[in-house]
There are 2 protein chains.
Amino acid sequence: MDDGTGIRTNSGRRSPPSGPSPRTRPRGDQARARLLAAALQSFVANGFHGTGTRDIAEAAGMSPAAVYVHYSSKEELLFALSLAGHQEALDLVTGADEPHREPAQRLWSVVNAFCEWHAANHVNARLVQYELGSLTPEHAEVIAGVRRQISGTVRAILAEGVQAGVFQIRDLNLMVVALMSLSIDIARWYRSDGEWTPATIGRHHADIALSMVGLIDSAPENS
Amino acid sequence: MDDGTGIRTNSGRRSPPSGPSPRTRPRGDQARARLLAAALQSFVANGFHGTGTRDIAEAAGMSPAAVYVHYSSKEELLFALSLAGHQEALDLVTGADEPHREPAQRLWSVVNAFCEWHAANHVNARLVQYELGSLTPEHAEVIAGVRRQISGTVRAILAEGVQAGVFQIRDLNLMVVALMSLSIDIARWYRSDGEWTPATIGRHHADIALSMVGLIDSAPENS
DNA sequence: CCTACCGATCGGTAGG
DNA sequence: CCTACCGATCGGTAGG
């Protein structure tokens, strides 16, 4: 029923250690992917409680009962989506950070990547940021762990910048949440038909992040 | 039990033009207030779709049908709460702004007030910021108007600061949303048992807002 | 403001 | 992966 922390949950099934040429993906994977895509759209559009399992099944082109062939409950679908989204965000932040560079450059890169992700993937991001309340306590705790890793990365960069004397920060933890707010809230207001591209927002907000930690903006790249 | 954070909203009705001595409030007002308080708590805790009209009625100490004596639908309750919350936020921002002062002081006051409100009234604020999707299109448009007034106030201050040459802003509209994000996102993460008071957050974030528009922080008030 | 009730829909399961 | 169905609960109303 629940694999605890496993992403995607393939529910322990599939991938025999050395099965005979798994060239074609197990047929179920495709169905699961369709269910996840359908659930994501509907959860974001109507909320977890506003989405019926029949809505999901229909959007995935299956019968109402087919959902339960692949996921043991509606919440299990939410958890799979939430975990995958959080993992993606964490990987992105981790990948954007280059520990050998200067704190200012590290901060810029991480904020740039995080903001750009929230804009470009605002549908995923909305689920990630605003549907946590419908997870079971156990699943919520798993997600909380991933979230702590993300904010921990930001905190480490800030701490290093303070240590090096290049950042001026009054309250480190409060600065972490302020920087996270700048990024996360993009998921709430971003519209893909708006006046900015994800890349523009990423650069702009990363510049702003540097000014927030006391660095004068010395590189006016755009006119 | 708990009126949450004092909503009140006498919901437009009541007060006959010259009724005979309305010393005692119409009895219905008290019932409406209880329903609003109950609905607020439940909408925030479980979402609009996750809340049943029976949950609201029970928390207000009434029968399931009594809800419809005072509000014509569940959405009408949400709208009343959303409008009251938005009005309160607008009034607060308008009240905090002192147009005769310098742009920097105006910005500081407004961000300080807006942030403090989102922390102190985070229950109201969560409904205000995250339950808009369940409003009817007509009601959503009314709310959007109030929201435009709020962001318009911030925009006007930024424009004046740029005009006066004291703010350095690359993209005015993007700076508006960045400042709003800083405030609004507080509703998402704030916990009343956390390490900061609403006043602390307000001051800290207002200081940050000034640094975001290019002002050096020259008043280290706390050690 | 209540009891009693409406049709619709919910999440999930039986059995194949 | 489907048809058929379970009991529970939904928003809202009739009638008083």
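Protein chains get the first letters and strands the later ones, always in sequence-line order, with residue 1 at the start of each.
Every residue meeting the ring pair (Phe, Tyr, Trp, His ring centres under 6.0 Å) condition with A:H118, not counting sequence neighbours, appears here in chain and number order: A:F114. For B:A206, the side chain to side chain contact (heavy atoms under 4.5 Å, CB included) partners are B:W108, B:V111, B:N112, not counting sequence neighbours. For B:R148, the side chain to side chain contact (heavy atoms under 4.5 Å, CB included) criterion is met by B:E141, B:A144, not counting sequence neighbours. The ring pair (Phe, Tyr, Trp, His ring centres under 6.0 Å) test applied to A:H49 returns no partner, not counting sequence neighbours. Among residues two or more places apart in sequence or in another chain, the side chain to side chain contact (heavy atoms under 4.5 Å, CB included) test is passed with B:P99 by B:D97, B:R106. Contacts of B:H70 classified as ring pair (Phe, Tyr, Trp, His ring centres under 6.0 Å), with partners at least two apart in sequence or in another chain: none.
A side chain to side chain donor-acceptor pair (under 3.5 Å) check over residues 34-47 of chain A, counting only residues at least two apart or in different chains, returns the pairs A:S42-A:T51.
Taking atom CG of residue B:L77 and atom C1' of nucleotide D:dC10, one finds them 16 Å apart after rounding to whole Å. As rounded to whole Å, 16 Å separates atom C1' of C:dC1 from atom OH of B:Y71. When rounded to the nearest whole Å, the span between CD1 of A:I56 and P of C:dT9 equals 17 Å. Put simply, CD on A:E58 is 17 Å from P on D:dC1, counting in whole angstrom units.
Taking five base pairs at each end of the helix from C:dC1-D:dG16 to C:dG16-D:dC1 and finding the rotation axis that steps the C1' atoms of four pairs onto the next four gives two axes whose angle is 0°, to the nearest 10°.
Of the candidates C:dC1, D:dC1, C:dC10, the closest approach to any side-chain atom of A:V69 belongs to D:dC1.
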For nucleotides 11-16 of chain D, give me every protein contact, N/O to N/O, under 3.5 Å, one pair per line with atom names.
from	atom 1	to	atom 2	distance (Å)
D:dG11	OP1	B:T51	O	3.0
D:dG11	OP1	B:K74	NZ	2.7
D:dG11	OP2	B:T53	N	2.7
D:dG11	OP2	B:T53	OG1	3.2
D:dG11	N7	B:R54	NH1	2.8
D:dG11	O6	B:R54	NH2	2.9
D:dG12	OP2	B:Y68	OH	2.9
D:dG12	OP2	B:K74	N	3.1
D:dG12	O6	B:R54	NH2	3.1

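A 6.0 Å sphere centred on CD of A:E98 holds more than 12 heavy atoms belonging to other residues, nucleotides or ligands.
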